[in-house]
Amino acid sequence: MLIGLSFVAFGRRIAHAGSVYAYVGQVFGARWGFVAGWLLLLTYVVFTAGATALAGGLAAAGLARAGIGTPDLWLPMSVAGAAAAGWLVWTDTRIAMRLMLALEGVSVAAILLLALVILTQVPLSPLPLAPDADHGWSGVGLGIVFAITSFAGFEGAATLGEEAHDPKRAIPLAVLGTVVVASLFYVLVSYAAVMGYGLDQIEALGQAEAPLDVLASRFISGKFAVMIDLAAAASGFACVIGTLAAGSRLIYALGRVGLTPMFGKIHPRHGTPTRAVLLMSGINIAGLLLVHPSGFVTYAVGLATIGTLALILVYLGVTAAETVVALRRGRRTGPWSAAWVRSCCCGRWGTACIRCRTGLEACGPIWSPPG
């Protein structure tokens with residue numbers, strides 16, 4: 001929630017395709033903003049690749065369970081999914097985002113139904129909500145790492161700040177709404193999974209490759225387990241669209257300020273960063289073809305680990321930047337407040353064109369006295 005509120009606060013002040021690049025750069029300077037942008041780009045690149053492999057693997061597993069094909073078809077299905085996601089993000093962002101929302105809606109509805117069925121058929125207990133007796137709060141700390149991996153990506157809407165109709169309202173609502181809704185959904189489904197397996201079967205739950213599949217077969221039917229697999233694959237494909245769109249916007253933003261001008265251009269008809277989308281898609285497909293012998297689970301988990309480590313640093317940077325902003329705002333009523341310089345391009349007291357300080361193209365408060 002603290003991280004989400006930091007993104008919300010920046011989203012109300014800055015609408016920029018670079019998201020954390022602009023947020024961190026506004027406070028700590030363009031160099032640190034560039035570092036934050038590269039870390040987030042690494043996250044989106046590896047998350048796109050991992051989600052693509054998971055989508056293909058889950059789809060192949062679901063179809064195999066239904067008697068269509070074999071699980072070994074995950075690679076061609078993943079490559080086809082990568083190409084389809086790239087085409088959607090390249091042609092029309094609105095269509096891609098609406099499809100992503102529809103796919104996630106189907107997935108969430110199926111998983112929510114399974115969770116409610118489980119909770120109506122098993123005796124409930126508060127034990128899963130308490131720290132483990134053997135590990136105590138250290139266990140909570142270890143769990144947070146896994147939670148961040150599962151929760152990462154809620155900030156992706158911030159990269160669409162330059163394309164939304166009312167970004168300083170829409171982006172904060174999207175980010176905060178995702179934090180609240182996803183948190184409630186996450187806790188409910190996790191609790192249902194623990195209770196469905198049983199308090200004495202936690203190790204089996206931790207070792208299961210497809211726990212929802214097992215629970216669906218146990219509490220509803222084998223056919224519903226197929227639906228869960230396909231719904232999870234649809235959710236994975238939606239994640240590919242989301243991270244691909246976010247990553248390409250970040251490349252576009254970095255391209256405008258020095259990465260390379262060729263990526264800082266948009267398609268004249270589609271209005272999308274075409275070259276950035278093609279680069280992200282090319283990296284995605286190349287990774288699948290080069291590393292596929294490891295299997296989609298190993299491939300996806302390895303990439304998720306890399307992306308999470310980078311994303312933790314990004315989250316720390318954004319939260320630290322917003323903390324500095326809050327502290328400086330608390331001093332705005334001091335002796336310096338009447339002597340602040342006039343904006344160089346925004347035309348308002350107490351503000352400055354961020355481009356003057358960090359190379360970014362956005363207006364916002366400047367928190368330093370004259371000189």
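Please read these numbers as outputs of a predicted model, since none were measured by experiment. Residue numbers run from 1 in the order of the sequence given.
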For this session: Working to the nearest 0.5 Å, report the span between CD1 of I283 and OG1 of T48.
Result: 9.5 Å
Seminar exercise, completed: In terms of heavy-atom contacts, L303 and A49 come closest through CD1-CB, 3.5 Å
For this session: Apply the side-chain contact (heavy atoms from CB on, under 4.5 Å) test between V314 and each candidate in I3, V35, V20; give the one that qualifies.
Result: V20
Exercise. Can you name the nearest heavy-atom pair linking L42 to A310, along with the distance?
Worked result: CD2-CB, 4.0 Å
Seminar exercise, completed: When rounded to the nearest 0.5 Å, the distance separating CD1 of I171 from CG of L176 is 13.0 Å
Exercise. In Å, rounded to the nearest 0.5 Å, how long is the span from CZ of F219 to CG of L114?
Worked result: 8.5 Å
Exercise. Quick one: are L40 and Y21 in side-chain contact, heavy atoms under 4.5 Å?
Worked result: no
Problem set entry | Pairs involving residues 225-234, ordered by first then second residue, that meet salt bridge (Lys or Arg N to Asp or Glu O under 4.0 Å) (sequence neighbours left out) | R65-D229
Seminar exercise, completed: Taking every heavy atom of C239 against every heavy atom of E104, the minimum-distance pair comes out as SG-OE2, 3.8 Å
Exercise. Would you call the rings of F296 and W74 parallel, tilted or perpendicular if under 30° counts as parallel and over 60° as perpendicular?
Worked result: tilted
Exercise. Would L2 and L327 show up in the same hydrophobic cluster when neighbours are defined by side-chain heavy atoms closer than 4.5 Å?
Worked result: no
Exercise. Do V179 and F7 have side-chain heavy atoms sitting under 4.5 Å apart?
Worked result: no
For this session: Give a yes or no on this: more than 12 heavy atoms of other residues, nucleotides or ligands lie within 6.0 Å of atom CZ of R218.
Result: yes
For this session: Determine the minimum heavy-atom distance between F10 and A321, stating which atoms define it.
Result: CZ-CB, 3.7 Å
Exercise. Under 3.5 Å, is there a donor-acceptor pair between the side chain of S107 and the main chain of L103?
Worked result: no
Exercise. Any side-chain heavy atom of Y44 within less than 4.5 Å of one from I251?
Worked result: no
Exercise. Looking at residues at least two apart in the chain, or sitting in another chain, which of them share a salt bridge (charged side-chain N to carboxylate O under 4.0 Å, His left out) with E322?
Worked result: R13
For this session: Could you tell me which residues satisfy side-chain hydrogen bond (donor to acceptor under 3.5 Å, both in side chains) with S6, sequence neighbours excluded, listed by chain and number?
Result: none
For this session: Indicate the atoms forming the closest heavy-atom contact of P273 with Y252, along with that distance.
Result: CB-CB, 3.7 Å
Exercise. Between atom CG of L250 and atom CH2 of W38, what is the distance when rounded to the nearest 0.5 Å?
Worked result: 9.0 Å
For this session: Output the distance between atom CG (L215) and atom CD1 (I118), rounded to the nearest 0.5 Å.
Result: 4.5 Å
Exercise. Under a 4.5 Å side-chain heavy-atom rule over Ile, Leu, Val, Met, Phe, Trp and Tyr, are L311 and F34 clustered together?
Worked result: yes
Exercise. How long is the span from the CH2 atom in W87 to the CG atom in L278, to the nearest 0.5 Å?
Worked result: 14.0 Å
Exercise. Does S235 use its side chain to pair, donor to acceptor, with the backbone of A231 at less than 3.5 Å?
Worked result: no
Problem set entry | Where V240 and A85 come nearest, the two heavy atoms and their spacing | CG1-CB, 3.6 Å
